[in-house]
Amino acid sequence: MTREEINEAVIDILTEINPDVDWKSFGPEDSLRGTLESMDFLDVVMELRKRYKVEVPEADYGHLSTLKGCADYLEAPLADK
Amino acid sequence: MNSKPANQRIVITGIGLTAPNANSLQEFREALLSGKSGITTLDMRYFGTAPAGLCEFDATKYQKRRDIRNGTRAGSIAIYCAGECLADANVDLSAVDTARVGVFLGITEHGNVETENEIYEISKYEYDTSYWSHHHNPRTVANSPAGEVTVRYGISGPHYTVGAACAAGNLGLVTGAQQLLLDEVDYALAGGLSESPRTFGIFAAFNSQNALARNADPTKASRPFDVNRNGIVISEGGAVYMLERLDHALARNAKIYGELAGWCYNSDATDAVLPNAERQAQCIRAALAKAGMAPKDIDIVNTHATGTKAGDAKECEALRAVFGAECTHTYFNNTKSFIGHCMGAAAALELAGNLPAFQDHIVHPTINVEQLDEACALPNLVLNTPQDAGEVNAILNNSFGMMGINCVTIVQKFQE
C-alpha cells in the first residue's frame with residue numbers, strides 16, 4: 001500500500017469507528033487523540049488487526065496519534081499488502 | 001378519597017416507549033384499537049426464520065452514531081424510551097438535581113446478544129480471542145442498559161437493572177416506586193426493555209422446548225387463548241415511565257396518567273418453567289390488598305398469556321380463582337397478541353397500552369382468537385374487537401416469568 005492508500009485506509013477505519021466526525025477534514029499533523037476516546041483508539045488497533053493483520057503493541061500507540069504518524073508507522077508493515 | 005399522605009402515593013407523569021407496532025403511546029393506542037399487529041418474519045443466522053417483533057424507532061434521535069455502535073441494542077431502546085419519557089414528563093434535566101433522579105429498568109436477560117455477536121466475530125478468525133472486542137465488558141455488565149441511560153443524559157443518581165424474567169417490566173416499575181417511597185430519589189425513570197430477538201439463542205431454546213410460535217402468517221402467530229395457539233412470539237421493545245411522589249408531581253403541576261396503587265411480587269417456588277396458578281392467584285390478591293381494592297373494583301385485567309398451551313390455561317385458572325361472579329365489570333384482554341412477547345419490556349409496555357382507557361374507556365381486545373380454548377374462556381374476555389367499558393378506573397397488570405417470578409401491578413385513575 002502506498003502512503004496515500006494507507007491514509008485512506010486509516011480514515012476509513014476512523015469513519016467506521018466514529019461516523020459522526022469528518023475525518024477527511026483532519027490535517028496530517030492534527031491530533032486524533034483529542035477526538036478519539038480511549039475505547040475508540042482500541043477500536044483502531046483492533047481494526048488494523050482484523051483488516052491487515054497488523055499488531056500494534058501498547059508501547060507503540062503514541063505513533064498513531066496523527067494521520068501522518070499512522071502513515072509513518074504503518075508504511076513498513078503494509079508495504080506488501 | 002385516598003387516605004394516604006401525598007408523599008406516600010406514587011403517580012405516573014411521563015411515558016416513553018417503543019413497540020413492534022408503535023414508537024409512542026399515541027401510536028401504540030391507535031394500533032391496539034385498530035387491530036394492528038407488529039409481528040413480522042425474522043431471518044437469523046444459524047436458526048433460520050421465525051415470527052418476531054422488531055422495533056423501528058429512530059435511535060439517532062437521542063444518540064450519536066458512534067454511541068449506537070459502541071453500546072447495546074438494549075441501551076439504545078432504553079435511551080430512546082427515556083428521552084421520550086423525559087420530554088413527555090416535561091422534565092428538563094438541566095434544571096433539576098440529577099443526583100435525585102434514578103433509573104430502574106427490568107430485563108429478562110442481558111448479554112446474550114453481545115456474547116453471541118463476539119463469538120460469531122471471532123469465528124471469522126479461527127476463534128482467536130485476540131479479536132474479542134474490548135467493548136464486551138461494558139456492553140454485558142448487568143446494569144448496562146440503565147447505565148447507558150445515565151451516561152447519555154448525565155443522570156448522577158442511582159441506576160440498576162432488575163432481573164425478573166418476563167415479570168421484569170412490572171418489577172422495574174415497582175422498584176422505581178420503592179426508591180421514591182424510600183426517598184432515595186425524586187424522579188424514577190422505571191420500566192423494562194428487551195433486545196432478545198437480536199440473537200438466535202432464545203428462539204432456539206423455545207423451539208427445543210416446543211414453545212416457539214409458528215404460523216404461515218406472522219401477524220397471526222401470537223394468539224393467546226386460541227385453541228390452535230402453538231407458542232411464544234419473541235419481540236423486542238421498551239417502556240420507561242416517569243414516576244414521582246404525588247406531592248412532588250403536584251408541586252410542579254405535572255400531567256398525571258394514573259396512580260400506581262398496588263403491587264405484589266412473589267415466587268412459585270415449585271418449578272423453573274411451569275407456572276403455578278395458586279401462587280399467581282396469591283400474587284394478584286396481595287396486589288389488590290395493597291391497593292385497598294376488591295376484585296370487582298378492577299375494570300381491566302391485562303393478562304400475561306404468551307400463547308403457550310399450559311401457561312395461558314394456568315393463568316386463566318388463577319384469574320377464575322380471584323375474579324368471581326361479582327366481577328361483572330372486569331374485562332380481560334391481552335396485548336401480546338399484537339406485539340408478541342417483549343420479554344423484559346412486556347409488562348411495562350402492556351400496561352402503557354391500557355392506560356389510555358382511563359380517558360377513552362375502551363378495552364383493547366386480544367386478537368387472533370378464531371376458536372377460543374374452553375380452558376381460557378374467561379367471562380368478559382374481550383376478543384378481536386375493542387369493547388366500550390363505559391368507565392375505566394382501575395387496571396390490573398399480570399406478569400409471570402421463568403424461575404417462578406410473579407409480579408402484578410395495579411394502576412388506578414388519578415383522583416386527588
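Labels below follow one simple rule: chain letters A, B, ... track the order of the sequence lines, proteins then strands, and each chain is numbered from 1. Reckoned from all heavy atoms, side chains included, excluding hydrogens, waters and symmetry mates.
Looking only at heavy-atom pairs under 4.5 Å with chain B, the residue among A/E55, A/M39, A/K50, A/M46 that has the most is A/K50. Note on B/K64, B/H135, B/H134: by heavy-atom pairs under 4.5 Å with chain A, the leading option is B/H134.
Using a distance-only test at 3.5 Å, with no hydrogens or angles considered, no donor-acceptor pair links the side chain of B/R139 to the main chain of B/G111.
Looking at B/V162, B/L105, B/L243 one by one, the single match for side-chain contact (heavy atoms from CB on, under 4.5 Å) with B/T175 turns out to be B/V162.
B/R65 touches chain A through backbone and side chain together, each having a heavy atom under 4.5 Å away. Residue contact with chain A, scored on non-hydrogen atoms closer than 4.5 Å, involves the backbone and the side chain of B/Y131 alike. With a threshold of 4.5 angstrom between heavy atoms, B/D128 does not approach chain A through any atom at all.
Side-chain contact check for B/C342 versus B/P20: some heavy-atom pair is nearer than 4.5 Å. Side chains of B/Y127 and B/I119 form a contact here, defined as non-hydrogen atoms less than 4.5 Å apart.
Taken to the nearest 0.5 Å, the CD1 atom of B/I202 stands 5.5 Å off from the CD atom of B/E109.
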